[in-house]
Number of protein chains: 2
Amino acid sequence: MTDDALRRELLDIPPTDPAVDRLVEEIIGRVADKWTMLLIEILTERGCCRFGELSRACEGISQKMLTQTLRAMERDGLVTRTVYPVVPPKVEYRLTDLGLGLSKAFCGVWIWAEENFRRIEQARSDYAERKAAEGGAG
Amino acid sequence: MTDDALRRELLDIPPTDPAVDRLVEEIIGRVADKWTMLLIEILTERGCCRFGELSRACEGISQKMLTQTLRAMERDGLVTRTVYPVVPPKVEYRLTDLGLGLSKAFCGVWIWAEENFRRIEQARSDYAERKAAEGGAG
DNA sequence: CGGAATCCGTATTGATACTG
DNA sequence: CAGTATCAATACGGATTCCG
């Protein structure tokens with residue numbers, strides 16, 4: 001039995017349907033994204049953020065990508081977007097329950113990265129060294 | 001206390017260092033990728049795959065992206081690449097312990113997607129409807 | 001002033017043909 | 001079979017512009 005099948009049995013997930021598989025992969029493709037993960041992390045920590053705050057917290061993101069990513073997240077039901085009709089304008093973003101669930105799921109990936117980044121750095125230098133040796137000798 | 005701080009305390013993760021944060025984010029940026037996740041899922045299920053097998057299993061990926069993604073994964077120590085000097089050529093890819101750990105971490109995201117894809121579809125149609133209403137009335 | 005849409009140069013990605 | 005080379009398409013990021 002594959003790990004996947006075992007997991008399905010343990011968790012009582014209904015057997016896989018090809019159409020559902022495609023849909024799940026499409027969703028994975030959408031949320032498995034650097035900026036999405038980063039925004040979810042920030043929103044999880046702060047609870048509620050204005051656009052400018054996200055822009056500052058999500059270092060390196062352009063205004064365009066921030067807007068684009070937030071729109072996609074809103075569309076997928078991961079965040080709510082609340083506009084306050086005040087001057088100056090104020091828009092707040094907050095994770096929905098769905099987004100919070102994804103945040104919990106992502107949490108494991110963050111922990112993995114925090115625990116293993118040294119091993120990855122080591123792997124990278126090993127790889128570079130190996131390639132250099134091959135280039136010189138092979 | 002933020003969720004993040006609480007998580008750190010519960011899991012005994014050392015306090016965050018800005019330089020480490022950047023590194024962790026860089027790693028997240030690299031592994032939080034559609035193809036990387038898909039390849040890890042496939043390799044977890046099958047244990048060991050040839051290039052062509054991955055190419056067929058990872059539907060929609062181009063040869064170029066497959067090569068590129070596998071190289072990055074090899075470089076980061078997530079997979080091993082074994083070349084058999086036979087004709088026709090045979091190259092096998094397999095997850096390392098590090099890659100298996102990441103697979104476990106990703107598992108939560110897959111389960112989340114499998115459990116919630118209907119809610120996301122619903123959110124998408126709600127969003128479309130809402131936008132259509134705004135366009136017509138607003 | 002805060003937030004979103006547009007234009008345009010650059011970097012990544014994808015489809016195809018070709019090689020060992 | 002397992003890649004590499006090449007060129008077209010697309011996505012990205014920055015500056016600018018527009019809106020309230």
Side-chain angles (χ1 to χ4, degrees), chain A residues 22 25-26 28-39 42-43 46 48-76 79-94 127 130-131 134-135 138, chain B residues 22 25-39 42-43 46 48-76 79-94 127 130-131 134-135 137-138:
Chain A
R22 293 298 154 275
E25 281 177 17
E26 189 270 334
I28 291 285
R30 188 168 297 278
V31 302
D33 168 80
K34 176 185 177 177
W35 298 129
T36 302
M37 287 195 69
L38 215 40
L39 286 172
I42 293 164
L43 285 166
R46 309 197 183 191
C48 184
C49 284
R50 296 181 61 174
F51 186 89
E53 194 180 349
L54 289 174
S55 187
R56 267 170 273 118
C58 200
E59 212 165 330
I61 198 171
S62 67
Q63 224 180 27
K64 185 181 182 177
M65 282 310 295
L66 180 54
T67 298
Q68 198 171 304
T69 306
L70 284 170
R71 281 269 185 279
M73 290 170 74
E74 189 195 355
R75 190 174 98 94
D76 290 347
V79 299
T80 56
R81 177 172 178 275
T82 309
V83 182
Y84 296 91
V86 297
V87 178
K90 181 174 162 181
V91 178
E92 284 186 342
Y93 295 89
R94 180 186 291 275
Y127 182 85
R130 191 151 19 104
K131 285 300 155 189
E134 280 176 23
Chain B
R22 293 296 154 275
E25 282 177 16
E26 188 269 334
I27 289 168
I28 291 283
R30 188 167 295 277
V31 302
D33 168 79
K34 175 185 178 178
W35 299 129
T36 302
M37 287 195 67
L38 215 39
L39 285 172
I42 293 165
L43 285 167
R46 309 197 182 192
C48 184
C49 285
R50 297 181 62 171
F51 186 89
E53 195 180 348
L54 290 174
S55 188
R56 267 170 273 117
C58 200
E59 213 167 327
I61 197 171
S62 65
Q63 247 182 359
K64 184 180 179 176
M65 282 310 295
L66 179 55
T67 299
Q68 198 170 304
T69 306
L70 284 170
R71 283 269 186 283
M73 291 171 73
E74 189 195 355
R75 191 177 95 94
D76 290 347
V79 299
T80 55
R81 176 173 178 274
T82 310
V83 181
Y84 297 90
V86 297
V87 178
K90 182 174 163 183
V91 178
E92 283 186 343
Y93 294 89
R94 179 186 293 274
Y127 182 84
R130 189 151 21 102
K131 285 299 156 189
E134 280 176 24

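Given the structure is predicted, the values throughout are model-derived calculations rather than measurements. Chain letters run A, B, ... following the sequence lines, proteins first, then strands; residues in each count from 1.
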Visitor: How bent is the helix from C:dC1-D:dG20 to C:dG20-D:dC1, comparing axes over its five end pairs at each side, to the nearest 10°?
Guide: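 Comparing the axis at each end, I get an angle of 30°.
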Visitor: Using every non-hydrogen atom in the two residues, find where A:Cys58 and A:Leu39 come nearest and quote the distance to one decimal.
Guide: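 That would be SG-CD2, 4.1 Å.
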Visitor: Shortest non-hydrogen contact from A:Val79 to A:Leu70?
Guide: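 Taking A:Val79 first and A:Leu70 second, the nearest heavy atoms are CG2-O, 4.0 Å.
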Visitor: Could you give the CH2-to-C1' distance, from B:Trp35 to C:dG14, as a whole number of Å?
Guide: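 Rounded to whole Å, this separation is 10 Å.
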Visitor: Just jot down the side chain to side chain contact (heavy atoms under 4.5 Å, CB included) partners of A:Lys90, sequence neighbours excluded, or say none.
Guide: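 A:Arg50, A:Tyr84, A:Val86, A:Glu92.
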Visitor: Output yes when a side-chain donor or acceptor of B:Thr69 lies under 3.5 Å from a complementary backbone atom of B:Met65, and no otherwise.
Guide: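 Here the side-chain-to-backbone pair exists.
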Visitor: With sequence neighbours left out, write down each residue that passes side-chain hydrogen bond (donor to acceptor under 3.5 Å, both in side chains) with B:Arg22, or none if nothing qualifies.
Guide: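 By the side-chain hydrogen bond (donor to acceptor under 3.5 Å, both in side chains) rule, B:Arg22 matches A:Glu59.
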Visitor: Any idea which heavy atoms bring B:Cys48 and B:Glu53 closest together, and the distance?
Guide: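 Smallest interatomic distance, heavy atoms only, reads O-OE1, 4.1 Å.
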Visitor: Sequence neighbours excluded and cut-off under 3.5 Å, please list the side-chain donor-acceptor pairs for residues 28-38 of chain A, or say none.
Guide:
{"unit_1": "A:Asp33", "atom_1": "OD2", "unit_2": "A:Trp35", "atom_2": "N", "d": "3.1"}
{"unit_1": "A:Asp33", "atom_1": "OD2", "unit_2": "A:Thr36", "atom_2": "N", "d": "2.9"}
{"unit_1": "A:Asp33", "atom_1": "OD2", "unit_2": "A:Thr36", "atom_2": "OG1", "d": "3.1"}

Visitor: Whole angstroms only, please: what is the NZ-C1' distance between B:Lys90 and C:dG20?
Guide: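 Roughly 19 Å, once rounded to whole Å.
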Visitor: Take nucleotides 4-12 of chain C nucleotide by nucleotide from the 5' end and write B, S or -, depending on whether a protein heavy atom sits under 4.0 Å from the base, only from the sugar-phosphate, or from neither.
Guide: BS-B-----
Visitor: I would like to know whether B:Gln68 and B:Arg71 meet side chain to side chain contact (heavy atoms under 4.5 Å, CB included); could you show each step before the answer?
Guide: CA-CA 5 Å; B:Gln68 198 170 304; B:Arg71 283 269 186 283; 5.8 Å; no
Visitor: For residues B:Thr67 and B:Phe51, determine if any side-chain heavy atom of one lies less than 4.5 Å from a side-chain heavy atom of the other.
Guide: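 Side chain of B:Thr67 against side chain of B:Phe51, heavy atoms only: contact under 4.5 Å found.
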Visitor: In whole Å, I'd like the distance from the CZ atom of A:Arg56 to the C1' atom of C:dG2.
Guide: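 A:Arg56 atom CZ is separated from C:dG2 atom C1' by 11 Å.
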Visitor: Mind checking which nucleotides bracket the chain A contacts on DNA chain D, 5' to 3', with an atom under 4.0 Å from a heavy atom?
Guide: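 Nucleotide range in contact with chain A: D:dC12 to D:dG20.
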Visitor: Mind listing the closest non-hydrogen atom pair of A:Ile61 and A:Ser55 along with its distance?
Guide: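 Answer, listing the atom of A:Ile61 first, then A:Ser55: CG2-O, 4.3 Å.
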